[in-house]
Amino acid sequence: MTGTTAQPTSRARSWWGWGWADAHPDDAECAAMGALLPGTLARPLPVPRVGDLGIANPAVEPPGSLAHLVTADPADRAAHAMGKAYRDVMRALRGRPGRIPDLVARPLDDRDVADLLHWAGERQVAVVPYGGGSSVTGGVEYRGDAHRAVLSLDLTAMDRVLEVDTEGRSARIQAGTLGPSLEDQLRPRGLTLRHFPQSFEFSTLGGWLATRAGGHYATGRTHIDDFVQSLRVVTPAGTGDSWRLPASGAGPSPDRLFLGSEGALGVITEAWVRLQERPRHKASAAVAFTDFHQALRAVRAIAQSDLSPANCRLLDAGEAALSGAAQDGCAVLVLGFESADEPVAARLERAVDLARSHGGRYEAANGGGKGEPGDAAVSAWRSAFLRMPYLRDGLARMGAVAETFETAATWDRIPGLIDAVRTEVGAAALKATGHPATVNCRLTHVYPDGAAPYFTVLAAGRNGDEVALWDDLKAVAGEVLHRHRATITHHHAVGRDHRPDYDRQRPEPFALALRAAKGALDPRGILNPGMLVD
């Protein structure tokens with residue numbers, strides 16, 4: 001199978017906020033949400049317009065040989081100026097998006113990428129690789145003034161599944177392929193990558209690889225790393241392919257150098273990835289807990305069993321209420337199993353029994369039917385999960401702080417870590433705003449040796465100073481994570497926002513090696529400056 005591509009959509013993306021422009025809450029819905037959170041604005045901030053940004057003319061022009069790949073359209077440049085974090089949305093709403101790229105390039109193949117990097121290096125133009133633009137850590141913007149101009153390198157024109165090996169269940173796919181297109185091109189073969197981050201609709205294979213993205217599934221292959229057979233990477237120092245292998249013990253892995261490199265070392269243009277058959281058997285259930293710490297022990301028991309649930313997502317009482325999964329003050333454990341070749345009801349029943357043995361109250365299992373209470377809780381959570389980024393943007397328009405961050409730690413640290421984040425971030429928000437904040441937690445991924453807590457923070461803003469407030473709260477959270485030796489990010493990448501905490505987390509000898517790699521592969525320092533190393 002070669003050369004397959006999916007049909008593009010004509011639906012418009014939002015340049016300033018999450019997702020589709022027509023899916024954002026209207027003014028009335030924004031106001032209704034704001035009314036539930038003390039200290040918000042009386043009316044929503046207006047939706048920002050590109051025409052109000054006063055975008056300057058580009059500081060450089062591409063050579064004629066590359067002009068067909070490049071645009072200086074103001075709307076296109078504005079849409080590539082930032083990612084989709086709260087601080088990005090808020091800066092756009094306040095008309096302060098930061099440095100807007102001078103040009104946007106859409107290469108069609110590796111040769112185009114190499115030629116663009118060569119030109120940028122000669123002209124001292126910073127190059128920021130760009131996939132779907134869903135970064136929530138400042139990964140796709142340029143900060144500073146050390147470069148003459150900025151080029152946003154949008155890879156989404158490189159969007160094809162080039163080969164499928166059905167015997168080895170793997171495929172060679174271009175890095176600019178968005179999640180839905182990738183799956184559409186694999187579907188005729190009955191295969192799937194089975195990697196579904198919340199940003200799936202708006203992110204690319206290359207973005208997942210460059211950020212070591214986590215998918216939806218709670219156990220097993222949780223990160224994109226687990227699917228990689230080989231990578232093709234274009235750097236200013238040359239282009240290279242790693243061998244396509246099922247496994248290898250030949251020295252440090254070349255793929256590992258570029259997984260998580262966030263465009264600082266090279267541009268990932270293709271990857272061979274492992275595929276799976278599409279699941280045919282599914283079952284899910286919701287289990288309620290009156291004691292969150294008992295629920296943590298239940299999740300640990302399930303993670304340390306051999307059951308391997310596809311979903312094992314624990315919502316604390318606040319998160320359960322926010323998602324509509326429960327309104328009675330209980331925590332809710334959402335369990336799900338799936339398989340391509342055998343029924344999974346027995347595995348679900350065993351997991352529910354483990355949860356019950358730790359104080360869980362069984363709501364109802366869904367073995368494929370509809371209309372059962374457990375099915376309603378699972379459906380409510382799933383709908384809220386997909387809708388939440390749009391609601392966050394609606395709250396931002398009301399001047400509220402509405403953002404998330406995630407981490408991972410070993411089981412012995414998890415209870416204390418969660419309690420400390422809730423307490424200390426909540427106290428900092430109260431001190432800064434005079435209003436109590438909501439700090440909710442859910443476990444998104446679970447492992448035999450630990451878990452990934454994911455926190456939601458809802459707080460009143462400071463009118464006109466919302467970004468600084470969120471930065472202050474995030475700094476408090478970072479201190480808690482560092483104290484508990486919890487990673488600064490489980491799956492959202494380092495970006496520019498997490499850089500100070502990443503510098504504290506990594507060993508110094510590794511930082512030394514990373515700086516050397518940066519100097520060797522990008523000697524003129526044009527690739528995503530400020531990412532990972534200076």
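Here the structure is a predicted model, which means the values were calculated and not measured. Residues take their numbers from the sequence shown, with the count starting at 1. Values below: every heavy atom of this structure, side chains too, minus hydrogens, waters and symmetry copies.
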*Asks:* Among residues two or more places apart or on two chains, list those pairs meeting salt bridge (charged side-chain N to carboxylate O under 4.0 Å, His left out) that have a residue in residues 69-83.
*Replies:* Asp76-Arg106
*Asks:* For Gly260, is there any backbone N or O sitting under 3.5 Å from a side-chain donor or acceptor partner on Thr211?
*Replies:*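 Not a single qualifying donor-acceptor pair exists.
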*Asks:* Could you walk me through whether His195 and Leu182 satisfy the side-chain contact (heavy atoms from CB on, under 4.5 Å) test, starting with their C-alpha distance in whole Å, then the side-chain angles of each, then the deciding distance to 0.1 Å, before giving a yes or no?
*Replies:* CA-CA 10 Å; His195 182 78; Leu182 185 154; over 6 Å; no
*Asks:* Per the side chain to side chain donor-acceptor pair (under 3.5 Å) rule, what does the pair list look like for residues 386-395, sequence neighbours excluded?
*Replies:* none
*Asks:* Regarding Ser323 and Glu319, do their side chains bring together a donor and an acceptor under 3.5 Å, going by distance alone?
*Replies:*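 Short answer, no.
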*Asks:* Could you tell me whether a side-chain N or O of Thr407 sits under 3.5 Å from a main-chain N or O of Ile488, the two making a donor and an acceptor?
*Replies:* no
*Asks:* Step through the shown structure and confirm whether more than 12 heavy atoms of other residues, nucleotides or ligands are within 6.0 Å of CD on Glu29.
*Replies:* yes
*Asks:* Nearest 0.5 Å, what's the OG-CH2 distance between Ser199 and Trp208?
*Replies:* 7.5 Å
*Asks:* Would you mind listing every salt bridge (charged side-chain N to carboxylate O under 4.0 Å, His left out) that reaches into residues 245-254, with sequence neighbours excluded?
*Replies:* none
*Asks:* State which residues pass salt bridge (Lys or Arg N to Asp or Glu O under 4.0 Å) with Arg221; sequence neighbours excluded, sorted by chain then number.
*Replies:* none
*Asks:* Test salt bridge (Lys or Arg N to Asp or Glu O under 4.0 Å) on Asp316 and Arg442 and set out the steps.
*Replies:* CA-CA 6 Å; Asp316 71 6; Arg442 64 184 184 268; over 6 Å; no
*Asks:* For the ring pair Trp411 and Tyr447, is the centre-to-centre distance below 6.0 Å?
*Replies:*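 Ring centroids of Trp411 and Tyr447 are no less than 6.0 Å from each other.
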*Asks:* Just verifying a value: how many Å separate Leu205 CG and Ile224 CD1, rounded to the nearest 0.5 Å?
*Replies:* 6.0 Å
*Asks:* Ring centroid separation for His24 and Trp16, is it under 6.0 angstrom?
*Replies:*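 Between Trp16 and His24, which both carry aromatic rings, the centre distance is below 6.0 Å.
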*Asks:* Measure across Ile526 and Gly121 and return the closest heavy-atom pair with its distance rounded to 0.1 Å.
*Replies:* CD1-N, 3.7 Å
*Asks:* Does a donor on one side chain sit under 3.5 Å from an acceptor on the other, for Trp20 and Glu201?
*Replies:*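 Per modelled atom types, Trp20 and Glu201 side chains form a pair under 3.5 Å.
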*Asks:* Closer than 3.5 angstrom, by distance alone: can the side chain of Lys84 be matched with the main-chain N or O of Trp18 as a donor-acceptor pair?
*Replies:*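 Pair absent, no side-chain N/O of Lys84 close to backbone of Trp18.
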*Asks:* Looking at every heavy atom in both Ala320 and Val332, which two are closest together, and how far apart are they?
*Replies:*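 Reported closest heavy-atom pair: CB-CG2, 4.0 Å.
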*Asks:* Go through the steps to decide whether Glu406 and Thr489 satisfy the test side-chain hydrogen bond (donor to acceptor under 3.5 Å, both in side chains), and finish with yes or no.
*Replies:* CA-CA 6 Å; Glu406 31 69 58; Thr489 178; 3.1 Å; yes
*Asks:* Does any N or O in the side chain of Arg313 come within less than 3.5 Å of the main-chain N or O of Ala218, such that one atom is a donor and the other an acceptor?
*Replies:*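 A pair under 3.5 Å: no.
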*Asks:* Apply side-chain contact (heavy atoms from CB on, under 4.5 Å) to residues Ser170 and Val273 and explain how you reach the verdict.
*Replies:* CA-CA 5 Å; Ser170 54; Val273 292; over 6 Å; no
*Asks:* State plainly whether the residues Arg143 and Asp497 are in salt-bridge range, i.e. N to O under 4.0 Å.
*Replies:*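 Salt bridge between Arg143 and Asp497, a charged N being under 4.0 Å from a carboxylate O: yes.
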*Asks:* Using only atom types and a distance under 3.5 Å, with no angle test, would you say the side chain of Arg91 pairs donor to acceptor with the backbone of Arg87?
*Replies:* yes
*Asks:* Looking at CG of Leu348 and CG of Leu307, how far apart are the two atoms once the value is rounded to the nearest 0.5 Å?
*Replies:*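 That separation rounds to 9.5 Å.
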*Asks:* Per the salt bridge (charged side-chain N to carboxylate O under 4.0 Å, His left out) rule, what does the pair list look like for residues 245-266, sequence neighbours excluded?
*Replies:*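 As it turns out, the salt bridge (charged side-chain N to carboxylate O under 4.0 Å, His left out) pairs with a partner in residues 245-266, which skip direct neighbours, are Asp225-Arg256.
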*Asks:* What I'd like to find out is whether the side chain of Val457 reaches to under 4.5 Å of the side chain of Phe405, using heavy atoms alone.
*Replies:*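 Sidechains of Phe405 and Val457: in contact.
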*Asks:* How many angstroms lie between CG in Leu259 and CG in Leu265, if you round to the nearest 0.5 Å?
*Replies:*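 Output value for this atom pair is 11.0 Å.
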*Asks:* Backbone N or O of Arg244 within a donor-acceptor pair of the Gln229 side chain at under 3.5 Å?
*Replies:*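 Not a single qualifying donor-acceptor pair exists.
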*Asks:* Got a salt bridge between Arg350 and Asp353, using NZ or NE/NH1/NH2 to carboxylate O under 4.0 Å?
*Replies:*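 Answer for the salt bridge query: no.
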*Asks:* Distance-only check: which donor-acceptor pairs under 3.5 Å involve side-chain atoms of residues 125-135, not counting sequence neighbours?
*Replies:*
from   : atom 1 : to     : atom 2 : distance (Å)
Tyr130 : OH     : Ala79  : O      : 3.2
Ser135 : OG     : Thr137 : N      : 3.3
Ser135 : OG     : Gly139 : N      : 2.9

*Asks:* Considering only heavy atoms from C-beta outward, does the side chain of Asn311 approach that of Leu335 to under 4.5 Å?
*Replies:*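 Result no, sub-4.5 Å side-chain heavy-atom pair not found.
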*Asks:* Are the side chain of His80 and the backbone of Ala75 linked by a donor-acceptor contact shorter than 3.5 Å?
*Replies:*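 Absent.
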*Asks:* One thing to verify: whether Lys518 and Asp522 come together as a salt bridge, which I'm taking to mean a side-chain N less than 4.0 angstrom from a carboxylate O.
*Replies:*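 Yes, charged N to carboxylate O under 4.0 Å.
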*Asks:* Below 6.0 angstrom between ring centroids: does that apply to His223 and His490?
*Replies:* yes
*Asks:* Does the side chain of Ser152 come within less than 4.5 Å of Leu103's, by heavy atoms?
*Replies:*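 Not in contact.
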*Asks:* With a 4.5 Å heavy-atom cut-off, do Cys441 and Tyr454 have their side chains touching?
*Replies:*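 Not in contact.
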*Asks:* Would you say the side chain of Arg212 lies within less than 4.5 Å of the side chain of His491, judging by non-hydrogen atoms?
*Replies:* no
*Asks:* Looking only at heavy atoms, what is the nearest atom pair of Pro107 and Leu116, with distance?
*Replies:* CB-CD1, 4.1 Å
*Asks:* Determine, stepwise, if the pair Val446 / Ile302 fulfils side-chain contact (heavy atoms from CB on, under 4.5 Å).
*Replies:* CA-CA 9 Å; Val446 296; Ile302 293 170; over 6 Å; no
*Asks:* Tell me if a side-chain donor or acceptor on Glu338 pairs with a main-chain N or O of Pro279 at a distance below 3.5 Å.
*Replies:*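 Checking the backbone N and O of Pro279 against the side chain of Glu338, no donor-acceptor pair under 3.5 Å is found.
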*Asks:* Is the His498-His492 ring centre distance short of 6.0 angstrom?
*Replies:*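 No, they do not, as the ring centres are separated by 6.0 Å or more.
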*Asks:* As a test of understanding, state which of Arg160, Gln174, Arg172 forms a side chain to side chain donor-acceptor pair (under 3.5 Å) with Glu270.
*Replies:* Arg172
*Asks:* Hey, are the side chains of Ser284 and Val334 touching, using non-hydrogen atoms and a 4.5 Å cut-off?
*Replies:* no
*Asks:* Is any side-chain heavy atom of Thr192 closer than 4.5 Å to a side-chain heavy atom of Leu186?
*Replies:* no
*Asks:* Could you check if a side-chain atom of Thr269 sits within less than 4.5 angstrom of a side-chain atom of Arg232, using non-hydrogen atoms only?
*Replies:* yes
*Asks:* Take Leu322 and Asn440 through the test side-chain contact (heavy atoms from CB on, under 4.5 Å) and record every step on the way to the result.
*Replies:* CA-CA 9 Å; Leu322 193 65; Asn440 295 333; 4.1 Å; yes
*Asks:* Take a 6.0 Å sphere around NE2 of His118 and say whether it holds more than 12 heavy atoms from other residues, nucleotides or ligands.
*Replies:*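 Check fails, neighbour count at 12 or below.
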*Asks:* Do Ser261 side-chain atoms and Ala264 backbone N/O form a donor-acceptor pair below 3.5 Å?
*Replies:*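 A pair under 3.5 Å: no.
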*Asks:* With a 4.0 Å cut-off on N to O distance, would you call Arg194 and Glu183 a salt bridge?
*Replies:*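 Not counted as a salt bridge, because no side-chain N and carboxylate O are separated by less than 4.0 Å.
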*Asks:* Report yes or no: do Trp243 and Ser248 form a side-chain donor-acceptor pair below 3.5 Å?
*Replies:*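 No pair is found: no donor N or O on one side chain lies under 3.5 Å from an acceptor on the other.
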*Asks:* Check whether any side-chain N or O of Arg506 sits under 3.5 Å from a backbone N or O of Leu532 as a donor-acceptor pair, and report yes or no.
*Replies:* yes
*Asks:* From Asp501 CG over to Thr487 OG1, what is the distance, rounded to the nearest 0.5 angstrom?
*Replies:* 9.5 Å
*Asks:* Distance from His216 atom NE2 to Thr222 atom OG1, nearest 0.5 Å?
*Replies:* 12.5 Å
